[in-house]
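To keep things clear, I will list the structure first and then write my remarks on it.
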Amino acid sequence: MKLICWGTRGSIPVSLTAPDVRAKIVRALQGAVAVDLADPTAIDAYVAGLGFDVAGTFGGHSSCLQIETGSAEHIVLDLGTGVRALGQQMLTRFGPQAPQTYHVFLSHLHWDHIMGLPFFTPVYIPGNRIVVHTCHPHAEFALRRQQDEPSFPVRFEQFSAQFEFHVATPGAPFEVDGTRVVAHAQRHSGDSYGWRFERAGKCLVYSTDSEHRLEDEDERAGFIAFFDQADVVVFDAMYSLADAISVKADWGHSSNIVGVELCQAARVKRLVMFHHEPAYSDSQIAQILDETRRFEQITRDGHELEVLSAYDGLELSL
Amino acid sequence: MEVSTGNVGATRVLRVRGRLDHSQAKDFEAALAPHLLPCTPTGSPLVLDFSGVVYVSSVGLRVLLLAAKQVKTQQGRIAIAALTPIVTEVFQVSHFNMVLSVFPDVAAAAAELGP
């Protein structure tokens with residue numbers, strides 16, 4: 001099982017600006033004073049040692065992940081803007097003449113999680129099959145509505161792929177192409193649902209757009225069971241804990257602190273922080289990652305949890 | 001988790017010891033409650049002496065936030081003092097150092113909050 005991140009930003013897509021890029025160049029040059037810039041090997045070594053926030057970027061596409069299972073059918077988590085690049089890669093890989101099946105699991109129906117669908121090229125290719133798994137009975141309505149005039153010029157009926165909608169029940173496991181799947185109800189405006197995937201002894205949990213009420217012991221126990229011993233948990237760590245339970249209470253999101261605590265209690269192997277606040281720069285996300293790793297270290301109780309921050313392009317083998 | 005009380009001048013000091021984790025947060029909330037009520041413009045300010053607190057989890061931090069909100073509503077004053085190094089880091093990572101009044105020691109907190 002392999003996780004591929006195509007879109008990891010929360011709420012709305014963002015992009016680097018020219019001043020952002022310039023600031024990265026300035027920081028890189030400031031550190032290169034002692035580097036022999038006439039030596040390509042020295043340059044490579046210097047760049048390799050730069051922080052990810054300087055030499056790279058966490059990216060700005062909204063939520064879209066892919067799980068590669070080794071099977072011919074594809075698993076896609078949410079249809080944020082990241083799904084456009086996923087579709088392009090699928091087209092490059094398989095061409096337009098080889099029909100593919102995509103199992104799309106929706107966390108919920110807010111714009112940032114469905115807005116990539118009109119630009120997901122496979123929907124325009126006859127023979128492709130798109131199976132939308134959701135716990136929202138109105139998912140089909142939401143996907144059709146965003147294609148309607150005046151919002152978009154191509155109606156849902158004009159998609160060439162065959163669409164199917166499967167409305168799942170939280171807590172009731174089912175199987176998709178050899179992968180066991182179960183949904184879990186989460187606290188979010190209009191409801192959201194996490195998804196747990198198990199296959200060949202590996203387990204990945206996708207839990208985004210989920211607010212946690214710290215005082216609710218039953219809710220906490222439910223999430224610990226949902227995350228239980230997962231190899232990877234992708235977790236909504238959009239806000240600091242202080243913000244999540246004060247000025248941004250009821251906004252439907254969680255924090256790095258709660259992510260670590262739940263994953264520690266559930267004996268998870270790797271926590272992938274996800275749904276980054278769109279206002280955060282690469283430097284801020286990198287700082288949060290450093291702080292969260294330190295928090296995991298000082299609160300460790302015999303179980304080591306690896307903490308990562310998702311970025312557009314991250315690939316993670318389980 | 002243990003709580004004991006004292007005074008520094010006109011300031012009430014609540015000394016807390018132990019871990020404020022999921023198993024202790026409710027007890028801490030209950031122990032704290034009666035000391036919040038007198039935190040009014042005419043009552044005593046309250047300083048929480050955290051020199052004996054070895055760990056605070058998210059749910060423990062929530063209790064502190066609720067206490068600060070209540071005291072603010074009552075127009076009283078509350079502060080936390082003498083964080084241990086580990087708890088200091090927890091406050092920094094969670095950004096609670098930005099929403100609560102934190103002082104290096106009880107004397108400094110009492111001097112700031114007192115009349």
Side-chain angles (χ1 to χ4, degrees), chain A residues 210-224 235-250 253-266 271 273 277 279-280 284-301 307 309, chain B residues 1 18-33 36 48 50-74 76 78-80 82-103:
Chain A
S210 176
E211 183 167 352
H212 296 266
R213 287 289 162 83
L214 305 179
E215 70 276 23
D216 190 332
E217 280 297 322
D218 291 340
E219 180 189 286
R220 181 172 183 271
F223 273 97
I224 291 170
F235 188 85
D236 173 356
M238 190 169 182
Y239 302 136
S240 69
L241 178 65
D243 281 350
I245 66 172
S246 60
V247 292
K248 293 174 181 171
D250 298 325
H253 297 285
S254 190
S255 67
N256 53 343
I257 298 286
V258 172
V260 169
E261 288 182 347
L262 287 175
C263 286
Q264 285 174 330
L271 162 66
M273 294 190 291
E277 159 67 63
Y280 285 168
Q284 287 171 295
I285 297 172
Q287 183 183 341
I288 291 166
L289 176 59
D290 287 344
E291 291 176 346
T292 310
R293 284 175 169 164
R294 174 61 183 159
F295 178 75
E296 183 278 333
Q297 194 177 35
I298 63 177
T299 58
R300 195 178 294 164
D301 58 349
V307 180
S309 197
Chain B
M1 191 275 304
R19 291 174 63 86
L20 300 182
D21 57 17
H22 281 78
S23 66
Q24 301 292 316
K26 281 186 179 171
D27 289 345
F28 175 52
E29 190 171 12
L32 186 57
L36 299 177
L48 303 180
F50 263 42
S51 58
V53 175
V54 294
Y55 177 64
V56 187
S57 74
S58 60
V59 72
L61 291 168
R62 173 184 169 271
V63 173
L64 294 176
L65 184 72
L66 292 178
K69 277 184 177 176
Q70 179 181 334
V71 171
K72 186 179 180 185
T73 304
Q74 296 170 182
I78 184 172
I80 301 158
L83 302 184
T84 57
I86 293 292
V87 174
T88 298
E89 286 197 71
V90 172
F91 269 56
Q92 288 167 348
V93 175
S94 63
H95 290 187
F96 267 71
N97 57 335
M98 298 178 185
V99 296
L100 299 175
S101 297
V102 180
F103 292 87

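By convention in this document, chain letters (A, B, ...) are assigned in the order of the sequence lines, proteins followed by strands, and residues within each chain are numbered from 1. All values reported here derive from a predicted model rather than from experimental measurement.
- Using a 4.5 Å cut-off between heavy atoms, B:Val59 contacts chain A through both its backbone and its side chain.
- In this structure, the portion of A:Asn256 lying under 4.5 Å from any heavy atom of chain B is its side chain and not its backbone.
- Of all heavy-atom pairs between A:Ala244 and A:Glu211, the closest is O-OE2, 4.1 Å.
- Contact count versus chain B (heavy atoms, under 4.5 Å) is highest, among A:Arg220, A:Glu291, A:His212, for A:Arg220.
- A salt bridge links A:Asp250 with A:Arg213: the distance from a Lys NZ or Arg NE/NH1/NH2 to an Asp or Glu carboxylate oxygen falls below 4.0 Å.
- Looking at B:Leu20 and B:Met1, their side chains come closer than 4.5 Å, going by heavy atoms from C-beta outward.
- Within the 4.5 angstrom heavy-atom criterion, atoms from both the backbone and the side chain of A:Ser246 approach chain B.
- Proximity to chain B involves both the backbone and the side chain of A:Ile245, based on heavy atoms less than 4.5 angstrom apart.
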Show me, pair by pair, the donor-acceptor contacts under 3.5 angstrom made by side chains of residues 60-70 of chain B, not counting sequence neighbours?
| residue | atom | partner | partner atom | Å |
| --- | --- | --- | --- | --- |
| B:Arg62 | NE | A:Glu215 | OE1 | 3.2 |
| B:Gln70 | NE2 | B:Gln74 | OE1 | 2.9 |

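- The part of A:Glu217 that comes within reach of chain B is its side chain, from C-beta onward, which places non-hydrogen atoms under 4.5 angstrom from that chain.
- Remark: the backbone N or O of B:Ser58 is paired with a side-chain donor or acceptor of A:Glu261 at under 3.5 angstrom.
- Under the salt bridge (Lys or Arg N to Asp or Glu O under 4.0 Å) criterion, A:Asp243 pairs with no residue at all, not counting sequence neighbours.
- The parts of B:Phe96 that come within reach of chain A are both its backbone and its side chain, each placing non-hydrogen atoms under 4.5 angstrom from that chain.
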